[in-house]
Number of protein chains: 2
Amino acid sequence: MNQLRAQANGRPVSSGIPEATVARLPVYLRALTALGESGLRTVSSEQLATAAGVNSAKLRKDLSYLGSYGTRGVGYDVEYLRYQIAREIGVNQDWAVVIIGIGNLGQALSNYGGFRSRGFRIVALVDGDASRVGEMHGDLAIAHIDDLDQVVRERGCSIGVIATPGDAAQGVADRLVASGVTSILNFAPAVLTVPAGVDVRKVDLSIELQILAYHEQRKRPPLVQSEEVVES
Amino acid sequence: MNQLRAQANGRPVSSGIPEATVARLPVYLRALTALGESGLRTVSSEQLATAAGVNSAKLRKDLSYLGSYGTRGVGYDVEYLRYQIAREIGVNQDWAVVIIGIGNLGQALSNYGGFRSRGFRIVALVDGDASRVGEMHGDLAIAHIDDLDQVVRERGCSIGVIATPGDAAQGVADRLVASGVTSILNFAPAVLTVPAGVDVRKVDLSIELQILAYHEQRKRPPLVQSEEVVES
DNA sequence: TAGATTGTTAATCGATTAACAATC
DNA sequence: TAGATTGTTAATCGATTAACAATC
């Protein structure tokens, strides 16, 4: 079924965690942080699942990939489980992030305070417009895209965020890859092609709205819906 | 296997389209629009799949849920297929969108020009800060959250975008639902609880970065990784 | 007719879920 | 010991993929 290799300690190796589970770990982490701040010391899978918006069977299955961190009949120690998940995700250390494309969205991202507490530090802002080089946003001055290599090297960036228009995105991705970045978060409406070993995640606002529209259309059908089709 | 009901015309009814397929239709739509603008009249599943970043088997399977819009031995008429997909998604008409929370992100979203051409019109900006009511952003003045009902009704909003801090999000969602909105795009880092029949999609930037960090950690292991664990 | 390409089938894979034995 | 809750099993469900018959 699941070809989990096992370590000496009996825990499955990290790469054996299913993608769907990996995508939920940050949600559990956030819920545990909130529950911990509210003073809770111990939490059951039922409680934590509710806080995370999933069912408890899925939560327990997900946690079972990390190891056996609960106590039967009792539940999970909030702080201990929080620490284990944070370690598994890799956010006990800080990751240095470079943002490319300092338009409205790039600025909003650079100002967002929530990244810091979640393991990310924005260490560089880069843009293709030479006239904006040196412009300050908080502590950071905009650098030019031609200096990307140097910026990435000097500041140890391991994640690149693309917030350019769609037609610039592939070029930026190529430069990021050339400078050694192997993790990219893409906000530009474009399909990126990257070499094997480079991870790209995309956040596409129009696509999210279109998925909502698809379902909305079926909840409240438009007044006029033509089913006639002109054969091409 | 797949309990597709069929209409008189033999096409599966809309609600029979798998979610994974629905999520890709906007990607195909965008690729077709770009190919059409480049002058291409006909496209094969192989070409379109490449442009959309998927494999051709998946593309053909996805399109088969919509109907039989291709010609064997030839391919798909670009404009005809583009129209059919747009109709299926529901973006041949415009959807009115209200943004709640006009901070950095809310402003960036309200300024983004790409929504208009993709079937969405931002018709209202709403914030909880009374001192900002009336503030202009483009053509739109900020309204107060207490007037949400009226705004939604008068401007026919069918989609709400939440761009508030996390702790305000559930309250805003409750108000949106109360005012009749049944589709919500949530940018706040919070799990939303809504009644059945209301769709929520979430865009969570920290979560996306954490998923990247998980994989990055396994590509370049940190210099010091403690495996020792203090039992709680 | 020969070549090309769709639309569909069926096998495989991965994710979800309910149920419950293990065990605190 | 009795009650509670985890961790795991196994069934089910949904998504992906390769292969190819249908057909332009």
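For the numbers below, each heavy atom of this structure counts, side chains included, while hydrogens, waters and symmetry mates do not. Below, read A as the first sequence line, B as the second, and so on, with proteins coming before strands; counting in each chain starts at 1.
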Task: Comparing B/Leu63 and A/Thr21 on DNA chain C - which has the more 5′ nearest nucleotide - done: B/Leu63
Open item on the list: Expected output is a numbered-order residue list: members of residues 23-42 of chain B with a heavy atom under 4.0 Å from any atom of DNA chain C. What is it?
Closed with: none
Open item on the list: Can you measure B/Leu66 atom CG to C/dT8 atom P for me and round it to whole angstrom units?
Closed with: 12 Å
- [ ] Would you give the length of the straight line joining atom CG of B/Asn186 to atom CD1 of B/Ile162, rounded to the nearest 0.5 angstrom?
- [x] 5.0 Å
Open item on the list: Distance check needed: D/dG7 P versus A/Leu48 CG, whole Å only.
Closed with: 12 Å
- [ ] Check the distance between D/dT9's P and A/Tyr65's OH and give it to me in whole angstrom.
- [x] 11 Å
Task: Test: A/Arg82 and A/Asp77 ion pair at under 4.0 Å - done: no
Task: Whether A/Gln170 side chain and A/Thr193 backbone form a donor-acceptor pair below 3.5 Å - done: yes
- [ ] Could you check which nucleotide pairs with D/dC24 in any of the strands shown, counting Watson-Crick or G-U wobble with both distances under 3.5 Å?
- [x] C/dG3
- [ ] Kindly say if B/Ser45 contacts the phosphate of C/dT6, meaning a side-chain N or O under 4.0 Å from OP1 or OP2.
- [x] yes
- [ ] Mark yes or no for whether B/Ser44, through its side chain, and B/Gln47, through its backbone, hold a donor-acceptor pair below 3.5 Å.
- [x] yes
Open item on the list: Looking at every heavy atom in both A/Ile122 and A/Leu109, which two are closest together, and how far apart are they?
Closed with: CD1-O, 3.5 Å
Open item on the list: Assess, by modelled atom type and distance only, whether the side chains of A/Asp62 and A/Thr21 contain a donor and an acceptor separated by less than 3.5 Å.
Closed with: yes
Task: Integer-rounded Å distance: C/dT6 P and B/Glu46 CD - done: 8 Å
Task: Base versus backbone protein contacts along nucleotides 17-24 of chain D [heavy-atom cut-off under 4.0 Å; B, S, -] - done: BBB--BBB
TODO: Indicate, with a heavy-atom threshold strictly under 4.0 Å, whether A/Glu19 touches base, sugar-phosphate, or nothing.
DONE: sugar-phosphate
Open item on the list: Salt bridge check, A/Arg218 against B/Glu88: does any charged N sit closer than 4.0 Å to a carboxylate O?
Closed with: yes
Task: Separation of C/dT5 P from B/Asp77 CG (nearest whole Å) - done: 16 Å
Open item on the list: For A/Asp62 and B/Gly75, find the nucleotide of DNA chain C closest to each by heavy atoms; which residue's nucleotide sits nearer the 5' end?
Closed with: B/Gly75
Open item on the list: I'd like to know if the side chain of B/Lys202 reaches the main chain of B/Leu185, judged simply by a donor and an acceptor atom lying under 3.5 Å from each other, with no hydrogens or angles considered.
Closed with: no
Task: Side-chain N or O of A/Tyr76 closer than 4.0 Å to phosphate OP1/OP2 of D/dG7 - done: yes
Task: Under 3.5 Å on both distances, the Watson-Crick or G-U partner of C/dT16 - done: D/dA11
Task: Between C/dG7 (C1') and B/Leu59 (CG): distance, integer Å - done: 12 Å
TODO: Begin from the C-alpha positions of B/Glu216 and A/Ser183 and carry the test side chain to side chain donor-acceptor pair (under 3.5 Å) through to its verdict.
DONE: CA-CA 7 Å; B/Glu216 184 70 21; A/Ser183 293; 2.5 Å; yes
